[in-house]
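Heads up: the structure comes next, in structure tokens.
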Amino acid sequence: MSFGNVVILLGPPGAGKGTQAKRLAESTGFLHVSTGDLLREAVRNETELGLKSKAIMERGELVPDELVSQLVEEKFEKGSPEQGIILDGYPRNRAQAEFLDGILGEAGLLTINISIEDEEVVKRISGRRVAPQSGKVYNIYYSPSAKGEYCEESGEKLIQREDDREPVVRRRLEVYRRETQPLIDYYRQRGRFHDVDGGRTIGQVAQAVSRLVERELSQEQP
Ligand code: AMP
């Protein structure tokens, strides 16, 4: 398989990787690969992989590498990775990073590390409320529904995702520190690595991310 540019978004849960990846995919046309979204879809569809992953995700731990790698490969095969890829939530440990190296070969990498304080993560994630059918997301601290516990648009009762509960968020942060944070050095040493402050507004972070992508990727033009 041939790959275009590959942008890896690193950072703890709640840093805004998903939001930024979606925006960047829209502006660049790159394939957005979020292992969290792929896993949640597998859980919803009750596939074998989804059934194996559900309880692990609800505890805030990492799904086994071989299951996640299988999903990533399938997504690459179905999409058009030669257009470019944005990886969001993958890789999450050293073994996944090495597996990814094996698939990508010589593809050009750009890594953007979005940083954020732990307490901000807890507020962003444990404050999240979701309309189960429509998927609309609110935050009780930053963007509450005008209808309180009900969705402004659909009127559905809002719920808190199991893995958004505070004790699980703290567990996810621990797992991040132990498993994923070491990848910062792994990718920093490879060059084309940048830090972005994720504590700012979505628009400000998006601007910083897209400037980096434009700058780094335009350097590749002949
Ligand atoms: P996310 O939406 O990226 O925070 O992912 C939600 C949950 O899915 C995580 O807490 C993990 O349980 C699981 N997950 C997502 N991506 C991975 C990955 N690359 N490796 C292992 N587990 C993952």
Side-chain angles (χ1 to χ4, degrees), residues 8-22 31-79 85-104 111 113-116 118-133 135-137 139 158-187 198:
I8 299 180
L9 296 182
L10 280 182
K17 300 187 296 295
T19 308
Q20 297 301 336
K22 275 192 205 99
L31 179 71
H32 174 197
V33 180
S34 156
T35 44
D37 286 351
L38 294 171
L39 286 164
R40 280 185 286 278
E41 190 186 328
V43 169
R44 261 196 317 276
N45 294 336
E46 299 184 346
T47 65
E48 196 185 332
L49 189 146
L51 295 174
K52 282 186 191 154
S53 308
K54 185 169 189 281
I56 303 172
M57 292 169 73
E58 287 178 353
R59 288 198 302 272
E61 309 208 334
L62 294 187
V63 169
D65 296 336
E66 59 279 13
L67 299 184
V68 177
S69 302
Q70 183 189 326
L71 277 177
V72 169
E73 268 188 319
E74 278 170 20
K75 177 83 181 174
F76 286 175
E77 275 159 20
K78 273 192 249 150
I85 306 174
I86 303 161
L87 292 173
D88 149 23
Y90 183 88
R92 250 181 163 93
N93 61 24
R94 181 67 184 241
Q96 292 180 8
E98 287 172 357
F99 179 83
L100 180 67
D101 285 343
I103 310 183
L104 295 182
T111 308
N113 179 42
I114 308 182
S115 56
I116 181 155
D118 282 7
E119 289 318 304
E120 176 65 14
V121 167
V122 173
K123 254 179 123 173
R124 283 188 183 184
I125 305 187
S126 67
R128 216 184 264 165
R129 296 292 181 276
V130 189
Q133 291 302 316
K136 180 145 175 75
V137 182
N139 184 293
L158 302 175
I159 57 156
Q160 185 179 39
R161 242 169 58 187
E162 188 58 30
D163 64 341
D164 286 349
R165 289 186 307 109
E166 183 170 336
V168 184
V169 177
R170 298 213 180 264
R171 178 80 193 122
R172 285 164 72 188
L173 278 168
E174 271 171 39
V175 171
Y176 165 77
R177 253 190 299 279
R178 194 186 63 225
E179 302 283 336
T180 314
Q181 211 172 28
L183 295 184
I184 293 177
D185 280 341
Y186 184 81
Y187 286 109

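Both backbone and side-chain heavy atoms feed into the values below; hydrogens, waters and symmetry mates do not.
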Any idea which heavy atoms bring [X] and [Y] closest together, and the distance?
X      : Y      : value
Leu10  : Pro91  : CD2-O, 4.3 Å
Leu173 : Pro12  : CD2-CB, 4.2 Å
Pro13  : Val121 : O-CG1, 3.2 Å
Leu183 : Arg92  : CD1-C, 3.9 Å
Ser53  : Leu39  : OG-CD2, 3.7 Å
Glu58  : Val168 : O-CG1, 3.5 Å

Contacts of type salt bridge (charged side-chain N to carboxylate O under 4.0 Å, His left out), residue Lys123, not counting sequence neighbours: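 Lys123: no salt bridge (charged side-chain N to carboxylate O under 4.0 Å, His left out) contacts found.
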Side chain [X], main chain [Y], donor-acceptor under 3.5 Å:
X      : Y      : value
Asn45  : Thr47  : no
Asp65  : Gln96  : no
Arg128 : Ile125 : no

Residue pairs, two or more places apart or on separate chains, that pass salt bridge (Lys or Arg N to Asp or Glu O under 4.0 Å) and touch residues 38-47: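 Salt bridge (Lys or Arg N to Asp or Glu O under 4.0 Å) check on residues 38-47 returns Asp37-Arg40.
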Worked verdict on Thr35 versus Leu71 for side chain to side chain contact (heavy atoms under 4.5 Å, CB included): CA-CA 7 Å; Thr35 44; Leu71 277 177; 5.6 Å; no
Test side chain to side chain contact (heavy atoms under 4.5 Å, CB included) applied to Tyr90 and Leu38, step by step: CA-CA 11 Å; Tyr90 183 88; Leu38 294 171; over 6 Å; no
Side-chain touch Asp101/Tyr186, heavy atoms, less than 4.5 angstrom: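 The answer is yes; the side chains approach within 4.5 Å.
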Close side-chain approach of Val175 and Thr180, heavy atoms under 4.5 Å: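 With C-beta onward as the side chain, the pair stays apart.
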Residue from Arg172, Arg171, Arg177 passing salt bridge (charged side-chain N to carboxylate O under 4.0 Å, His left out) with Glu174: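 Output: one option passes, namely Arg171.
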Given Lys17, Gln20, Lys22, His32, the one that forms side chain to side chain donor-acceptor pair (under 3.5 Å) with Asp88: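 Going through the options one by one, the only one that passes is His32.
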Test side chain to side chain contact (heavy atoms under 4.5 Å, CB included) applied to Ile56 - qualifying residues, sequence neighbours left out: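 Ile56 satisfies side chain to side chain contact (heavy atoms under 4.5 Å, CB included) with Arg59, Glu61, Val63, Pro64 only.
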From [X] [atom1] over to [Y] [atom2], what is the distance, rounded to the nearest 0.5 angstrom?
X      : Y      : atom1 : atom2 : answer
Asp118 : Tyr176 : CG    : OH    : 9.5 Å
Leu62  : Glu179 : CG    : CD    : 5.5 Å
Leu104 : Ile8   : CG    : CD1   : 7.0 Å
Gln133 : Ile159 : CD    : CD1   : 9.5 Å
Asp163 : Ser126 : CG    : OG    : 12.0 Å
Thr111 : Tyr187 : OG1   : OH    : 6.5 Å

From CA spacing to verdict: salt bridge (Lys or Arg N to Asp or Glu O under 4.0 Å), Lys78, Glu74: CA-CA 6 Å; Lys78 273 192 249 150; Glu74 278 170 20; 5.1 Å; no
Audit row: Lys54, Glu48, salt bridge (Lys or Arg N to Asp or Glu O under 4.0 Å) steps and yes/no: CA-CA 10 Å; Lys54 185 169 189 281; Glu48 196 185 332; over 6 Å; no
Test: Glu119 and Arg170 ion pair at under 4.0 Å: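 Salt bridge: yes.
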